[in-house]
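Here the structure is laid out as structure tokens; the discussion comes afterwards.
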Amino acid sequence: MKLWRIVQEKKYLLRIFLWINCIILLILLSFSSLIYVNVEKNVFQSEYEGSQKVLSQMKYNIDYLDTMIRKLTFSTYSSNDVKALMYLNDEETYDHMNTINKLNATIVANYPFIQSVYVYNNHKKMYYSTFGDLYHKDVELDKVLSANPPITPLKAIVRKMQTGGSSESPIYETVLSYVMFENVDEQGIMDGAIILNVKLDWLVDNIRTINQFDSRTQSDLYILDDNHKFMETDPNRLIAENSSAATIKQAFETSVSQDRVHAGEPAGFFSSKVNGENFIVSYIYLENTGWTLLEAKPYKEVYANLKQLMDTILIITAAVFVGALLLTLSASQGIYRPVRRLMEQTSWSGAVKDGSLEPGLKDEFSYLTEVYRKSREQLYEYHLEKNNNTSIMKIYFLKKLISDSYSMNVSEFEDVLRLLNVSLSQDQPFMICVLRIDEYKRFLSHKSLAERELLRFAIANITTDALSKTCVAQTVDMKDDSFTILLNTADSQAESVEIVKQALVEAQSYIQKHYHVSFSATVSSPITEYTAIAAAYNSTLANSSYRYVFGTKSVITQALIDDNTGSVDIEHVWVMVSKLIEAVPKGNAPKTEEKLRDVFQQIRKLDYGSIMLVSMQVVHQLKKTIFEMNRTSKEPIAIPARLMSRELYEEETIEQFEQLLLEAVRSIHSEGEEKAIQGNQVVADTVKEIIDSNYFDSSLSAASISDMMRLPAYKLSKISKIHLGMSIPEYINQVKLHKAVEWMENSKLSIQEIMQRVGVENESYFYKLFKAKFGMTPREYMAKRTR
């Protein structure tokens, strides 16, 4: 419920937040998708190119072998010995038998991929073979040759060939047979032919090497012959019995048009689903043999890196989005800040209760619209009152009430209440509250008339709204620095004052924060009889003067005044003032300031009249003291302008008044100290001049200089230490020693003669001073100089 209330209150903020995040998410997804699609395309193309390289290499090998075998078959067919055996009608001779041996020795032995060579003789209906018996029976070849349509010369025929076993359990091997013939009889049977049977071992080895090169890819390579049947390269594992291979073959036949393959697109790829797993199938067509090479790779292997990239993109996108959420939250709050400030500034309008919007208000702008509407109505009423003299009459009736309520009868009082505010009732206790704008002179000088009117309206309206939460309030602008509020309160006296005080503090804080204007408030005690309203107003207005003691933005009650006053006797304060005045001429600034603070600490505890009286007396006594000091001083002290200014008595708080007096006291002491320093500097300069001019006089001393200048020796000693950095005797010795060094360096006088010239009579004393100053005796100094 609390979360829903927050959502209701911050709808516009949530909209900003969601819109920005949707845009960011859309951009992120667009960029991520673009990156992924491009990478997927590149990976797919790379895999396809890799597969095509493998298939092209296989195609090249097969084409090369096919060309070589064709040539070998044709050359063998052209041999006269072979043709003689091919068309032999008589019995075979040794030469004829030797032809088969020659084929075995020259072809089968030299070409390891040739399994055997047949010479077909149509007259005898038999095969002369290099494999097995001379007269060979090949049932599988007969089936192939008798098939319809007839075979094409020199075209590789994939077939089975029995290579062992018995008739009941034969052993077969897959071979490629190349048949060369020229003519056929009427039945379509060859008149004679040469047949080369090629082993598939090389092809099996190539396929196994490719399939096992990288076991991680799990790719499979298949060969379809010209009849679209699998070329069985491994007799122990028939491809046709593999369901996956059968599915891939079926997908190839379905997805790829044979016309397209034969017409000009001999290579390509397609995707297929086998046993629930996606495969990429690449193919290439072999024009010479009519075969098709297929390579199948599973998606999970082909796109292993792509999946990793996808995961990385998702993680980065999520991280960026989380970071964007935080930045968006900050940015949204920045965008929302003016709206929030407007909400805060207008939260007294009544459209917000308990931190939530009233029913019917959709969002912040509907709330602000409602506030604007109500504000326009209030301003309209305010101007209407101003224009139709209602405000003037309210002030008149309120002044009448607070000036002579004791003389009103009940009916007159009810008429006044009805004219002031229809909700006011004489059946409940009344309270008077006086508001005073702080720093009113500054308020008048720094604000235009329109600004002042708006701020006065804000103070009256906001304070009335704050008080109206707990009681009925009627506020009247008195057109000076004050407002008067008439309140109907609850029955309990102590609770009423405390509730009103809290409401006033709340209004003060709000107005200070949003309008940068402060006011102080004074609250009366509850009044049960309407006739006492006038007396309560006069007392409250008088109590508002205690802002001078409690400061600006204070809320003053009679209890607060009673607690603060009465604990100090004014006679005691007069004694403290006398001690303060006595301390001023002594020139000790810290002590004087301390006494001044103590005096004002006690003044604050007096009643207002006594405070003003004592404060004025302090100023008068300070002026009088300065006059007395100037009578006996050669250099008169100017009276600080603060003490002569009328503005001193116009300060709103005693704290400001005290601060001005402290500044005045500091200026008095600083001026006196400055003149004393200047006089002491003159004394120090004179002492220095006397010593520099009479250093050769042996009777020169601090006492003789004191007598000469007619100043006390202790004062001269103090001034010398401050301005010369040493005592007078020390300075005399320093001058004598420096003069002695000058004589040593610039003359040939003896030490005794130099002593006489600088006014030193005792030789041992001179040696002692010299060594202490220069770290050596006079003789050592002179000896060092002459080296």
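In this text, all values refer to a predicted model and were calculated from it rather than measured experimentally.
Using modelled atom types, one finds no donor on one side chain facing an acceptor on the other under 3.5 Å when comparing Tyr127 with Asn121. When only modelled atom types and interatomic distance are considered, Tyr118 and Asp138 share a side-chain donor-acceptor pair under 3.5 Å.
Between atom OG1 of residue Thr73 and atom CG of residue Leu154 there is a gap of 6.0 Å, rounded to the nearest 0.5 Å. Note that CG of Asp90 and NZ of Lys124 are 7.5 Å apart. Values are rounded to the nearest 0.5 Å. With rounding to the nearest 0.5 angstrom, the CD atom of Glu182 is 12.5 Å from the CE atom of Met190. Between atom CG of residue Asp66 and atom CD1 of residue Ile62 there is a gap of 9.0 Å, rounded to the nearest 0.5 Å. Ile69 contributes atom CD1, which lies 11.5 Å from atom CD1 of Ile107 (distance to the nearest 0.5 angstrom). Atom CG of residue Leu293 and atom CG of residue Leu224 lie 8.5 Å apart, to the nearest 0.5 angstrom.
Note: His136 and Tyr128 fail the aromatic proximity criterion, with ring centroids not under 6.0 Å apart. Ring to ring, Phe252 and Tyr283 are close: their centroids are under 6.0 angstrom apart.
Between Lys155 and Tyr178, the closest side-chain pair of non-hydrogen atoms is not below 4.5 Å.
A side chain to side chain contact (heavy atoms under 4.5 Å, CB included) with Arg159 holds for exactly one of Leu176, Asn197, Leu145; it is Asn197.
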* **Phe113 and Leu65: CA distance, side-chain angles, deciding distance, side-chain contact (heavy atoms from CB on, under 4.5 Å) verdict** => CA-CA 9 Å; Phe113 50 84; Leu65 180 66; 3.7 Å; yes
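A salt bridge links Lys469 with Glu506: the closest approach of a Lys/Arg side-chain nitrogen to an acidic carboxylate oxygen falls below 4.0 angstrom.
Figure legend: cation-pi geometry between Lys160 and Tyr172, with NZ or CZ positioned under 6.0 Å from the six-membered ring centre and within 45° of its axis.
Closest of all the heavy-atom pairs between Gly192 and Asn122 is N-CB, 4.4 Å. Between Pro153 and Phe181 the shortest heavy-atom distance is CG-CZ, 3.7 Å. Closest of all the heavy-atom pairs between Asn183 and Asp191 is O-OD1, 2.9 Å. Annotation for Tyr77 and Ala193: closest pair CE1-CA, 4.5 Å, computed over non-hydrogen atoms. Here the closest non-hydrogen pair linking Met161 and Ser116 is CE-OG, 3.6 Å.
Heavy-atom contacts from other residues, nucleotides or ligands closer than 6.0 Å to OH of Tyr111 number 12 or fewer. Atom OH of Tyr135 has more than 12 neighbouring heavy atoms from other residues, nucleotides or ligands inside a 6.0 Å radius. Within a 6.0 Å radius of NZ in Lys125, more than 12 heavy atoms belonging to other residues, nucleotides or ligands are found.
Between Tyr60 and Tyr64, the ring planes are parallel. Angles under 30° get that label, and only those over 60° would be called perpendicular.
Remark: side-chain polar atoms of Asn110 are paired, donor with acceptor, to backbone N or O of Thr106 under 3.5 angstrom.
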